[in-house]
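Structure record follows, encoded as structure tokens.
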Amino acid sequence: MSERTIAAIATPLGEGGISVIRISGADAIAVADKCFFAFSGESLSNLCGYQAAYGKVTDSVGNTLDDAVALIFRAPKSYTGEDVVEVSVHGGTIVARQVLRRVLECGATLATGGEFTKRAFLNGKLDLTKAESVMGLISARNDAAAKIARGAREGRISRDTEDILNKLLETAASLAAFADYPDEDIPNLSEENFALLLDECYTKCQKLISTYDTGRIIREGINCAIVGKPNVGKSTLMNMLCGLDRSIVTDIAGTTRDVVETTVNIGDVTLNLADTAGIHSTEDTVEKFGVDKAIQKIENSELLLAVFDNSLPLDSDDKQLLESIRDKKCIVILNKSDLQNVFDKKDLSGFQVVEISAREGTGYDELCSAIARVCKTEMLSADDTVLINERQRDCVNRALSAVCAARDALTMGMTLDAVGVCVDDAIAALLELTGKRVTNEVCDEIFKRFCVGK
Ligand code: GDP
């Protein structure tokens, strides 16, 4: 347990109902007792865990800073595993800061970013994947991202990792026993059985990694550009997706002069959306600048919504656009379907095609389904385990490579010691994933990304 008692404002600064100042450490209750006075006259040190007191927080000369509720958590039954006091005061920046300052005067030191969660990890309250999920929950931008983070918080990644670890530990132990007693007839100790165990570990590691990219799209969103000729309805589509007049819509070709950007949630997918200037040949200098930016955006985007006018026949500009997006993750949108449709669809084989009327707002559900299909989010089932950051993917990837190396060593007839070394590498990578064997540097790096107060 750490010696320092730490404190920080745990709620976002700004106007709101309440702000919470959190104090954690061996002296948390003693510190709070110096500046919080219950109206009942009872000292906080007499309260049991999970009890609250209503009173006031005062400054050094006894002036009231605010009315407050102090909630007591007794170690180890608290978030950090230490004694914790959470002081709730009226929301806003000034009062919360004044109370924090007073708490610091009374003996606490200011917590660093993520220090509460780091203490929870160091005190064995949560493993590293669960600690990281806290950050995922805080930063979730849509329901699916929150669900993934909640799954990790409930221990899904830990459970799956534990499962693979147990198999690897069984393999390591069997390898050692087999090396020591090669002539004994011990059940399950055979090269075939080792290969079987390693195969199982391989499949499980692969399964964990397979959901990572989809999870990343759900968490971080996907960079998406709306592209197409001038006047096909790109800005109208952007506005339909945003639900507000974000882009300028006119029927004069070339009115979106630059790239308009915004973020929208479409089902489980967050689109970091850019409406580009229409791509076509132009001599107008300002327009040309917009067209160049649009071409750049196509190259940098992970998903393209390519818009065509369903009421006009396919022309050479359309054909050129179709060619330039053929190898990309894209959806072809035939807009203006409320008018007579003359666009020739036989050139669209191999593309995901959705017919909409951005102006009338029809075809939205079909577009959502197509986005989910292309981004593969619809393939993610409710109980899939999803790795939530690059560090976790890297650990599982290293475990996977080590398992492959162990399988290769076995098939190539190398010594069982050599196989054992690879299995140990895989074990080390997974212990790093859950934080059972992690360096201080890695640990510091992880918690540095958290906000103060978490
Ligand atoms: P952009 O240049 O591709 O961004 O096109 P705009 O969104 O500015 O739209 C160009 C014109 O097409 C405007 O007059 C829109 O009102 C019209 N428009 C856009 N979507 C539709 C649609 O679904 N149906 C019809 N009939 N007109 C549309």
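Order of listing sets the numbers, starting from 1, for every ligand and every atom in it. One is the number of the first residue; the rest follow in order along the sequence.
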Side-chain donor-acceptor contact under 3.5 Å, Thr80 with Ser24
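Their side chains do contain a donor-acceptor pair, which is all the 3.5 Å distance test asks for.
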Going by distance alone, is a donor N or O of one side chain under 3.5 Å from an acceptor N or O of the other, for Thr109 and Arg4?
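Checked: Thr109/Arg4 side chains pair up, N/O donor to acceptor below 3.5 Å.
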Answer yes or no: does atom NZ of Lys77 have more than 12 heavy-atom neighbours from other residues, nucleotides or ligands under 6.0 Å?
no
Counting only heavy atoms from other residues, nucleotides and ligands, does the tally under 6.0 Å from NZ of Lys328 exceed 12?
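Yes, the 6.0 Å shell around NZ holds more than 12 heavy atoms from other groups.
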Listed partners of Ser158 passing side chain to side chain donor-acceptor pair (under 3.5 Å), at least two apart:
Asp127, Thr129
Element-labelled atoms of ligand 1 that are located less than 4.0 Å from some non-hydrogen atom of [X]:
| X | answer |
| --- | --- |
| Thr236 | 6 (P), 7 (O), 9 (O), 15 (C), 19 (C), 20 (N) |
| Ser357 | 22 (C), 23 (O), 24 (N) |
| Lys234 | 1 (P), 2 (O), 3 (O), 4 (O), 5 (O), 7 (O) |

Is [X] close to ligand 1, meaning an N/O of one under 3.5 Å from an N/O of the other?
| X | value |
| --- | --- |
| Val232 | yes |
| Asp338 | yes |
| Leu339 | no |
| Ile356 | no |

Ligand 1 versus Leu237, non-hydrogen atoms closer than 4.0 Å: side chain, backbone, both, neither?
neither
Once you restrict to heavy atoms under 4.0 Å, what part of Asn335 touches ligand 1? Side chain, backbone, both or neither.
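The part of Asn335 near ligand 1 is the side chain, not the backbone.
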Should Gly228 be listed as contacting ligand 1, given a heavy-atom distance under 4.0 Å as the test?
no
Donor-acceptor pair, side chain of Ser311 and main chain of Gln340, under 3.5 angstrom
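A pair under 3.5 Å: no.
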Judged by atom type as modelled, is there a donor-acceptor pair below 3.5 Å linking the side chain of Lys125 to the main-chain atoms of Pro76?
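It does hold such a pair.
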Parallel, tilted or perpendicular, judged at 30° and 60°: which one describes the rings of Phe343 and Phe308?
tilted
Who gets closest to atom 23 (O) of ligand 1 by heavy atom: Gly363, Gly361, Ala358?
Ala358
